[in-house]
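Below, chain A is the first sequence line, B the second, and so on; all start at residue 1.
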4 protein chains.
Amino acid sequence: MSPKALDLDRIVKVIADEMRQRTDRGKVAHYIPELARVDPRQFGLAVIDVDGKVAAGGDADVPFSIQSISKVFTLTLALGMIGDRLWRRVGREPSGNPFNSIVQLERERGVPRNPFINAGAIAVTDVIVSGHQPRESLGEILRFMQFIADDPAIAIDQAVAASEKRTGFRNTALANYMKSFDVIENPVDFTLGVYFHHCAIAMTCRQLAMAGRYLAHGGRNPSTGLSVVSAERARRINALMLTCGHYDGSGEFAYRVGLPGKSGVGGGILAVAPGKASIAVWSPGLDEAGNSHLGRIALERLAQATGWSIFG
Amino acid sequence: MSPKALDLDRIVKVIADEMRQRTDRGKVAHYIPELARVDPRQFGLAVIDVDGKVAAGGDADVPFSIQSISKVFTLTLALGMIGDRLWRRVGREPSGNPFNSIVQLERERGVPRNPFINAGAIAVTDVIVSGHQPRESLGEILRFMQFIADDPAIAIDQAVAASEKRTGFRNTALANYMKSFDVIENPVDFTLGVYFHHCAIAMTCRQLAMAGRYLAHGGRNPSTGLSVVSAERARRINALMLTCGHYDGSGEFAYRVGLPGKSGVGGGILAVAPGKASIAVWSPGLDEAGNSHLGRIALERLAQATGWSIFG
Amino acid sequence: MSPKALDLDRIVKVIADEMRQRTDRGKVAHYIPELARVDPRQFGLAVIDVDGKVAAGGDADVPFSIQSISKVFTLTLALGMIGDRLWRRVGREPSGNPFNSIVQLERERGVPRNPFINAGAIAVTDVIVSGHQPRESLGEILRFMQFIADDPAIAIDQAVAASEKRTGFRNTALANYMKSFDVIENPVDFTLGVYFHHCAIAMTCRQLAMAGRYLAHGGRNPSTGLSVVSAERARRINALMLTCGHYDGSGEFAYRVGLPGKSGVGGGILAVAPGKASIAVWSPGLDEAGNSHLGRIALERLAQATGWSIFG
Amino acid sequence: MSPKALDLDRIVKVIADEMRQRTDRGKVAHYIPELARVDPRQFGLAVIDVDGKVAAGGDADVPFSIQSISKVFTLTLALGMIGDRLWRRVGREPSGNPFNSIVQLERERGVPRNPFINAGAIAVTDVIVSGHQPRESLGEILRFMQFIADDPAIAIDQAVAASEKRTGFRNTALANYMKSFDVIENPVDFTLGVYFHHCAIAMTCRQLAMAGRYLAHGGRNPSTGLSVVSAERARRINALMLTCGHYDGSGEFAYRVGLPGKSGVGGGILAVAPGKASIAVWSPGLDEAGNSHLGRIALERLAQATGWSIFG
């Protein structure tokens, strides 16, 4: 069932060609000024199989703002720090609401529904900060990203981080709201500062696919054999990505693509074909639910061509 | 990775033994009088692999009310009738609300979020009724169930259906509410009558696991090779089960079990291990989200022992 | 401060003249077919002062469907039957939602926020039915209306009642929803049947103003001196009309008009100037909140000209 | 109908005596540490009639934190500054939600339902700040309070203001949320700083009743004849107090007391008997809706004894 490496190169090329030609590209996120300036005509795709072979196409080596995709990695880190105690502060259910909704928080007394909506990711970041200075926490996140992507050059785009901080009133509202229920333990400014900065990490599709390998391969880096998390934890993070990874478009993504994935408003999506491959796609235009329009279509093509859907 | 048939017998036995001894059994659904009388000490499990081999344990041959599990089969039928036009009347996103919530319907103008919450399943039933007499539609549903389970003895428990009808005020509210938005096309009584009756179908774990084989095997009955739906449709129904199959406990089920599944308030769960097996479990006691308490734990054990999780 | 009877005639005439000429008339209710056929160019106004003197203008003698205005009278009747026990089944707070919203019912377990939203009025009607046949209950309501309006000719418009019944899916949803919480005690069909019929009572402005006198005059008919309710109860019904009488436009009505009032989607409004007058106005076109557009403006003019605002 | 001045003294004394003896006192607000320390056994009442005669009882000369009562005065000021343009930023309808709810803000895109819930009052404060330094705006508010109360000694309790600022996460959430919709124009810190401080103004019942006279007397100070606002504006502020002045207990207050009023979580209530008197009551214990428990009962007694209800 798994396609040969040779086929993968061809599949990626065909997809990148189709995406380059499509005129329906969605809308670039406008609420962060720095992101609004990104050229919507770009498209990149990188697939790394279990043998470490990379198939890349389009703008796979252009860095973009990973935004909410960083939530997968901060979740991994926070679980490493406090384990299942994390789930006292954040739930594991799809929210049925947009990514930045505050309605659910009121109904459920400040506990976000899952770690992939903004409120939940801020609560997860708060676990990582946990008494440290923002600079230290951010350093830890960045070193983790560099380690799993095997690339010390990964960095934060400070212009995006600053832009985000200046305009992040809704996230500030979410954080203060949770603070009023003691779900946030550190000073709101500390936690939000770290949150805004880890969302502003810039990566290429190739780097992102590298970083996601542990989720595709039972918690281990398949090249080095080094364990990042246990196999069970990798499975569970994949499950959370499947049910909650695309905000209020998660059901649609599962229905069409059939792979665990996490999107960001920068237009990137990290997807995981368990046992098969780690995949990163990027195209800046978003659909109505805030997920990359061409990114989702490209993954749908890829899943069809490879038979990688987890649903049969 | 896939366990041998021999192992499967042993695994099922071990699980059935553990479940028989547990004292935490959840609470039997009380809102339908007929269901409230069921003995909570019962537990059944049946697993049918790709070769048709059955491993069964506990009360796997005691019939129970399949309730919402029937929604998987009516969805299959309705898609067969009108294809993707179905999605004009019902969405594909997790609801973030209890199974019988009406709040979301108001916000989204009468269109239910997915076919597995009550409102969505009523809308799907309305598609099946579509101008026919309730008796005919019900006959069609029943024949379909008998066909896929390869068992002409499957029948409706009329006492449960009558009990449901007498007490189904909330479902009557949902149906009338959708009717006010023209999402229901037939007389409300017709559609609800069919809905109450197909929820009252009684099946054993063994029969239910038989009925689910097409979802595990690319839309086909693996014994006869006969196609029930296309492979793509089977995948998509599995995806919907994964994201929406356990009401507001769907995220938790994906996180812990890692298999597509659909639960009913009768205590049954149909689960699918794509390419591997069709699984039915039953234990009447429910957890807070309305899903079988021991059923979920049993499936968690099974997925761990077999390595069947779709998440790696 | 109170204008002389002579002035009142002139004030009513000036207002009726202005309203006849205005071209902004709102939109006639379309969801009940019979109401949708009413000519939007009509306008009527009747004011009855403490001495029983009537000032009437425009189409004050054309009957119209009183619709939700009937809720004031059924509330009066139900309070007469079971007193403050009524408040176990319905609240006394503005709803912050449209008149036919079901959202609040879910949040507050089937107890409507006040007796003037549809759900609340259905619950009040259920108190009146209370074990009787619908025909008897309806007879009782009608006799009460005839008594307080001192006019045995007041009747139900059967065509409107039938139209309402055929299309009242949303009200049927509300009633079944409350029934699921045991807030409705009689068969849903009984209670809804009575509700649809009392909403279909037809009255003229003159009749309606007559019926409202007890609210303006301490619970008594000022002509006969006969008591309908205690002075305290009249005050309290007025308070409920002020805070809840115009659905989600109640705040606006209080702000602009400053008189207790109750509107109906037939375009009528009953208003009360405590100690001064009972007022009925009618114009079929509605504003966005479902209240008579010209009716509200006319009452604003009247309150300004007479100084009758209860707010100073 | 209006009681003589002599009677008023007696009525106030009887009420103060009853309240001193009652053991049901509600619960002192605990979420602001400084307020939590107030002795719940205190009760004060002051009534000032149209002739300027004061009837005072209990702890009418003990200063307390006026909290949300300040919203009446900031609304008056903001309307004086920009008139009806204010209503572009805040609505005029009861909210149907607790005072610090954020749910409604999401549904209505950042526009608070009325100026008396926290979000609405923050938006009103933002109008007053309007480009000025917080210190200047606060000075203006304070001078206005001193002017209408005719008492230059009125001051802010800095300990309460500081306490509020340290713990005001939910208000910070509301302000940032509105800022994300551009409903707040000044830096969030400026507006919130002024808001926290004007809520921390300390006044006695006597001072507060003095300050409220313009609302009872057509916008004028009845002693000096000086106009504070137009008669129409005074009426409209009274109407808003009636429909929205007691959060989600506004309907209940209208039903039981029948006077426009505004409560604060410090336990104070300002009430207005149009044309008759300005009234201030204070008792620190709150009911479930956050309004003074004994304060409301005392006003119910007063309205009964005086016949001042605006509802007849």
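Taking chain B as the reference chain and counting heavy-atom pairs below 4.5 Å, the highest number among A:S250, A:A231, A:G218 is found for A:S250. Ranked by non-hydrogen atom pairs under 4.5 Å with chain A, the options B:A239, B:G96, B:P274 are led by B:A239.
Across all their heavy atoms, A:D248 and B:R113 have their closest contact at OD2-NH2, 2.6 Å.
For A:E232, the part lying under 4.5 angstrom from a heavy atom of chain B is the side chain only. For chain B, the nearby parts of A:R92 are the backbone and the side chain; heavy atoms of each come within less than 4.5 Å. Both the backbone and the side chain of B:R236 come within contact range of chain A, with heavy atoms under 4.5 Å apart. For chain B, the nearby parts of A:L242 are the backbone and the side chain; heavy atoms of each come within less than 4.5 Å.
If you take CD1 on B:I237 and OH on A:Y255, they are separated by 8.0 Å, rounding to the nearest 0.5 Å. For the atom pair CZ (B:R235) and CD (A:Q304), the distance works out to 7.0 Å, reported to the nearest 0.5 Å. Separation of atoms OG1 (A:T243) and CZ (B:F253) is listed at 12.5 Å; rounding is to 0.5 Å.
More than 12 non-hydrogen atoms from other residues, nucleotides or ligands lie less than 6.0 angstrom from CZ of A:F181. Within 6.0 Å of CZ on B:R109 lie no more than 12 heavy atoms contributed by other residues, nucleotides or ligands. By the neighbour-count criterion of 12 heavy atoms within 6.0 Å, atom CD of A:E288 is sparsely surrounded, having that number or fewer from other residues, nucleotides or ligands.
A side chain to side chain contact (heavy atoms under 4.5 Å, CB included) with B:F311 is found for exactly one of A:L215, A:L240, A:I310, namely A:I310.
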